[in-house]
Amino acid sequence: MNIAVLCAVYNRKETTIRGLTSLLKATAETPYSLEIFLLDDGSSDGTAEKVGELFPEVTIISGSGDLYWNRGMCKAFEASLASRDYDAYLLFNDDVEVLPQSTQTFFSEYERLNAIRPTIVVGSTISRSSGETTYGAFVETSRIKALAFASVGAVDETTVCDTFNGNFVLVPGAFFRKVGGLDPKYHHGLGDIDLGLVARRHGVNSVLASDPIGYCEKGQQQDSRLADADLFQRWRLIFGAPNGLGPYSHFVWKHRSRVLFPIYVGLNVVKKLTKLAGIK
């Protein structure tokens with residue numbers, strides 16, 4: 001099985017090196033061929049240079065500095081298309097430290113499930129300190145509410161889910177090419193959540209793997225950044241890229257009732273204005 005690894009990075013050189021090292025080490029004994037397409041979005045800390053030095057086999061694509069995660073992943077996918085049609089595409093975050101003992105199980109479950117029908121397999125991640133699930137899969141709790149998803153915790157066997165975080169996700173190649181990869185309308189977040197819902201619409205299952213695939217700590221949330229920001233900084237964080245109205249509006253237009261679209265957008269504006277005012 002030929003796999004294109006898609007990864008978007010920015011200004012965290014040591015994290016990127018650690019993540020790539022763990023991925024290559026964990027998959028070294030597997031029969032799979034991994035080709036890595038890494039989008040460096042204008043890092044100023046020498047990330048691209050160090051990756052090129054340590055991993056000359058990695059294809060490095062230079063970004064404009066304003067792509068963020070989702071659009072960076074789109075550029076990595078575009079680069080992979082120029083190489084060949086891959087059997088599968090691995091969405092990989094550079095802050096995941098892959099566990100070798102989980103890798104074989106993960107790929108075996110992918111092959112077993114895809115022998116029956118096209119299936120996306122999701123690898124969950126856990127905190128090194130607490131052991132709690134940090135990223136992984138979701139089940140949809142309502143198709144009326146805009147973003148009604150509940151996280152799936154630890155599981156003992158493969159478990160069907162509705163969508164996922166894109167930290168370590170293996171996607172069937174034919175399906176991913178058919179839908180054109182991740183939707184470039186999203187800047188940073190929501191592209192992975194969107195992909196799970198698009199897959200469901202196409203009859204492609206999403207399944208959470210039985211074992212956590214690696215360690216990954218939770219990233220800093222917007223609310224914590226807002227706490228120390230002045231009014232102008234809060235405005236940029238709330239209404240500027242990548243967190244402005246556009247991606248959210250696109251998501252609800254695409255996946256929720258269009259009759260309710262004005263209500264979704266109106267409520268989102270109120271929520272953002274409340275945050276801008278510092279009201280909790």
For a quick test of reading the model, state the closest non-hydrogen atom pair linking F164 to I193 and the distance between them. O-CD1, 3.4 Å

Residues two or more places apart in sequence or in another chain: which of them pass side-chain contact (heavy atoms from CB on, under 4.5 Å) with K13? I17, D45, T47, K50

Answer with yes or no whether the side chains of T125 and T134 bring together a donor and an acceptor at under 3.5 Å. yes

Of all the heavy-atom pairs spanning N93 and G166, show the shortest one and how long it is. OD1-O, 3.8 Å

Apply side-chain contact (heavy atoms from CB on, under 4.5 Å) to N243 and H188, showing your working. CA-CA 8 Å; N243 301 309; H188 184 61; 5.5 Å; no

Single-linkage hydrophobic cluster F149~V198, side-chain heavy atoms < 4.5 angstrom: no

Does L6 share a hydrophobic cluster with L81, counting links as ILVMFWY side-chain heavy atoms below 4.5 Å and allowing steps through other members? yes

Kindly work out whether a path of hydrophobic side-chain contacts (I/L/V/M/F/W/Y, heavy atoms less than 4.5 Å apart) joins V9 to L34. yes

Mind checking what makes side-chain contact (heavy atoms from CB on, under 4.5 Å) contact with A154, not counting sequence neighbours? none

For residues P242 and P247, report the shortest heavy-atom separation together with the two atoms involved. O-CG, 3.8 Å

Given side chains that start at C-beta, do those of L90 and L23 come closer than 4.5 Å, heavy atoms only? yes

Out of curiosity, W69 CH2 to D94 CG, how far, rounded to the nearest 0.5 Å? 11.5 Å

Would you say L190 and L147 make side-chain contact, with heavy atoms under 4.5 Å? yes

With the side chain counted from C-beta on, respond yes when L91 and L195 share a heavy-atom pair under 4.5 Å apart, and no when they do not. yes

Verify same cluster id: F175, Y89 (apolar side-chain graph, 4.5 Å): yes

Determine whether a donor-acceptor pair (N or O, by modelled atom type, separation under 3.5 Å) exists between the side chain of S83 and the backbone of S80. no

Using side-chain contact (heavy atoms from CB on, under 4.5 Å) as the criterion, list what pairs up with L260, not counting sequence neighbours. I144, S257, I263, Y264

Return the minimal non-hydrogen interatomic distance between Y135 and E217, and the atom names on each side. CE1-O, 3.6 Å

R117: which of L113, N114, T119 passes side chain to side chain contact (heavy atoms under 4.5 Å, CB included): T119

I'd like to know if the side chain of R256 reaches the main chain of K145, judged simply by a donor and an acceptor atom lying under 3.5 Å from each other, with no hydrogens or angles considered. yes

Mind checking what makes side-chain contact (heavy atoms from CB on, under 4.5 Å) contact with F107, not counting sequence neighbours? M1, I3, T27, Y32, T103, L170

Taking the side chain as C-beta and beyond, is there a heavy-atom pair between D40 and V51 under 4.5 Å? no

Where V96 and S22 come nearest, the two heavy atoms and their spacing: O-OG, 3.5 Å

Quick one: does L273's side chain get under 4.5 Å of F239's, heavy atoms only? yes

Beyond-backbone contact of I36 with E57, side-chain heavy atoms, under 4.5 angstrom: no

Within-4.5 Å side-chain heavy-atom neighbours: F106 and V98: no

Side chain to side chain donor-acceptor pair (under 3.5 Å) filter on Y110, not counting sequence neighbours, yields none

Kindly state each residue pair satisfying side-chain hydrogen bond (donor to acceptor under 3.5 Å, both in side chains) with at least one member in residues 192-202, sequence neighbours excluded. E140-R200, D162-R200, Y186-D194, D194-K254, D194-H255, R201-H255

Using the salt bridge (Lys or Arg N to Asp or Glu O under 4.0 Å) rule, collect all pairs that involve residues 123-138, keeping only residues at least two apart or in two chains. E97-R128

Could you measure the distance from the CZ atom of F37 to the CD1 atom of I60? Nearest 0.5 Å is fine. 12.0 Å

In Å, rounded to the nearest 0.5 Å, how long is the span from CD1 of I61 to CG of L67? 11.0 Å

Is it true that, when you exclude R143 itself, more than 12 heavy atoms of the residues, nucleotides or ligands shown sit nearer than 6.0 Å to its CZ? no

Partner residues of E78 under the salt bridge (Lys or Arg N to Asp or Glu O under 4.0 Å) criterion, sequence neighbours left out: K75

Test side chain to side chain donor-acceptor pair (under 3.5 Å) applied to N11 - qualifying residues, sequence neighbours left out: S44

Separation between CZ of F77 and CG of L39, rounded to the nearest 0.5 Å: 14.0 Å

According to a 4.5 Å side-chain heavy-atom criterion applied to Ile, Leu, Val, Met, Phe, Trp and Tyr, with indirect links allowed, do V155 and F138 form part of one hydrophobic cluster? no

When you measure from the side chain of D41 to the backbone of Y10, do you find a donor-acceptor pair of N or O atoms at a distance under 3.5 Å? no

Ignoring hydrogens and geometry, is there a side-chain-to-backbone donor-acceptor pair from D183 to K185 under 3.5 Å? yes

Sequence neighbours excluded, which residues qualify as side chain to side chain donor-acceptor pair (under 3.5 Å) partners of N2? none

Indicate every side-chain donor-acceptor pair of residues 205-216 with a distance under 3.5 Å to a residue at least two apart or in another chain.
from : atom 1 : to   : atom 2 : distance (Å)
S210 : OG     : E109 : OE2    : 2.5

Any side-chain heavy-atom pair of L245 and K272 under 4.5 Å: yes

With sequence neighbours excluded, what pairs up with R236 under the side chain to side chain donor-acceptor pair (under 3.5 Å) test? none

For the atom pair CG (N165) and OG1 (T133), what is the distance rounded to the nearest 0.5 Å? 10.5 Å

